[in-house]
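Read the structure below first, then the notes.
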Amino acid sequence: MRSIWKGDLSFGLVNVPVKVYSATESHDRKAYQVDSKDGTRIRYRRVREGTDTEVEFGDIANAYEATNGETVVLTKDDLGSMPVQKSPEIAILEFVPREQVDPIYFDKPYYLEPSSKSPKAYVLLARALEETDRLAIANFTLRNRTRLAALRVVDGVMTLQTLLWPDEVRAPDFAFLSEDVQIHDQELAMASSLIDTMARDFEPSEYSDTYQLELNKLIDAKSEGAEAFPETDAADDEDDDSEVADLLAALRASVKDRDGGASASAPAPAKKAAPRKAAAKAPAKTAAKKAPAKKSPAKKAPAKKAAS
């Protein structure tokens with residue numbers, strides 16, 4: 001990995017020299033645009049509107065709309081004159097309980113590596129964060145933009161997780177939030193039971209990006225002139241549970257399916273299942289009684305022959 005930023009992590013009167021590394025990377029397959037007719041690559045040029053004159057990248061500035069509606073052009077020098085904090089320092093502002101920072105505010109993570117000869121101050125702060133189970137809220141400047149971040153420890157490495165600003169997180173405004181939805185205790189108990197049957201420790205290595213795997217298979221197959229996903233004649237089975245109207249019955253069925261029917265709550269649905277079985281047998285008896293009626297035309301056939 002290559003560091004993208006270097007500075008000091010300030011903790012009271014203590015400065016911890018660190019290097020900053022991006023903690024994530026994309027595994028998406030790179031693609032570029034082509035003409036679908038013959039595969040010729042598409043190129044984009046920066047040209048003046050209404051002309052074919054190309055503009056050099058260094059001559060391009062940003063235009064913003066002012067409060068009065070006028071368009072204001074700002075050059076790189078104009079942006080560089082802003083009194084934004086540019087000191088190479090990650091300043092810890094406060095320490096807050098971990099559970100008070102909702103993950104919805106998390107943006108991009110960065111690893112911090114000690115850059116001094118002795119990592120003692122770095123390790124001391126990391127262990128103190130783990131012992132107190134708190135997050136350090138800090139701010140710093142990256143690429144001329146002031147950012148808010150939460151400092152936490154991941155696998156022994158201090159990780160700087162940039163945070164969204166409060167006005168960047170939308171407030172949920174949905175109609176159902178004002179409705180009085182009635183949830184019965186039995187329904188809640190069954191839902192909790194289903195969660196218990198599916199509870200386990202999180203192992204990220206057990207999950208994979210299905211889309212990328214299928215995309216790789218499709219690319220390789222098409223390059224070899226083969227079919228990646230041949231169609232099968234087998235019809236898809238209908239999902240009977242898709243139209244289940246009884247929520248409680250669906251939860252019970254899910255719990256039984258997860259634990260193989262050995263759940264302690266399994267006897268409860270058996271009492272309600274009896275009327276359904278009786279109702280299912282009723283049509284069968286009716287059909288049996290109507291069967292002789294269909295045979296009556298066969299008895300009249302010999303009578304017609306005698307008349308002739």
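Fair warning: this is a prediction, and the values are worked out from it, not measured in the lab. Start at 1 with the first residue, then count along the sequence.
Between the side chains of Gln161 and Asp107, no donor-acceptor pair is found at a separation under 3.5 Å. With no hydrogens or angles considered, a side-chain donor-acceptor pair links Gln182 and Asp180 at under 3.5 Å. Checked by atom type, the side-chain pair Asn139/Arg147 shows no donor-acceptor distance below 3.5 Å. A side-chain donor-acceptor contact under 3.5 Å links Gln33 and Tyr44. At a cut-off of 3.5 Å, with distance as the only test, a side-chain donor of Asp78 or Thr75 sits close to an acceptor on the other residue.
When hydrophobic clusters are built by joining Ile, Leu, Val, Met, Phe, Trp and Tyr residues whose side-chain heavy atoms come closer than 4.5 Å, directly or via intermediates, Tyr111 is not grouped with Leu135. Cluster membership for Met198 and Leu188, using ILVMFWY side-chain heavy atoms within less than 4.5 angstrom, is not shared. Hydrophobic clustering (side-chain heavy atoms under 4.5 Å, transitive across Ile, Leu, Val, Met, Phe, Trp, Tyr) keeps Ile60 apart from Leu79. The same ILVMFWY cluster, assembled from side-chain heavy atoms under 4.5 Å apart, contains both Phe140 and Tyr21. Both Val96 and Ile104 are assigned to one and the same hydrophobic cluster, defined by single-linkage of ILVMFWY side chains at heavy-atom distances under 4.5 Å.
Contact detail for Ser22 and Ile4: the closest heavy-atom pair is N-CD1, 4.4 Å. The two residues Asn15 and Ser10 come nearest to each other via the heavy atoms OD1-CB, 3.5 Å. Minimum interatomic distance between Trp165 and Thr146 (heavy atoms only, all atoms of both residues): CZ2-O, 3.5 Å. Counting all heavy atoms, side chain and backbone alike, Arg48 lies closest to Val55 at CG-CG2, 3.5 Å. For Arg41 against Val34, the heavy-atom pair with the smallest separation is CA-CG1, 3.9 Å.
A salt bridge links Arg45 to Asp52: one of the charged nitrogens lies within less than 4.0 Å of a carboxylate oxygen. Of the charged side-chain nitrogens involved, none lies within less than 4.0 Å of a carboxylate oxygen, so that Arg134 and Glu94 do not count as a salt-bridged pair.
Taking CG of Leu151 as the reference point, atom CD1 of Ile137 lies at 9.0 Å (rounded to 0.5 Å).
Centroid-to-centroid, the aromatic rings of Phe95 and Phe11 come within less than 6.0 Å.
Seen from the ring of Tyr32, Arg43 does not count as a face-on cation partner, given the 6.0 Å and 45° thresholds.
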Quiz item: Hey, mind stepping through Thr24 and Lys108 against side-chain hydrogen bond (donor to acceptor under 3.5 Å, both in side chains) and telling me if it holds?
Solution: CA-CA 8 Å; Thr24 60; Lys108 186 174 176 57; 3.2 Å; yes

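With hydrogens and angles disregarded, a donor-acceptor distance shorter than 3.5 Å links the side chain of Ser116 to the backbone of Ser118.
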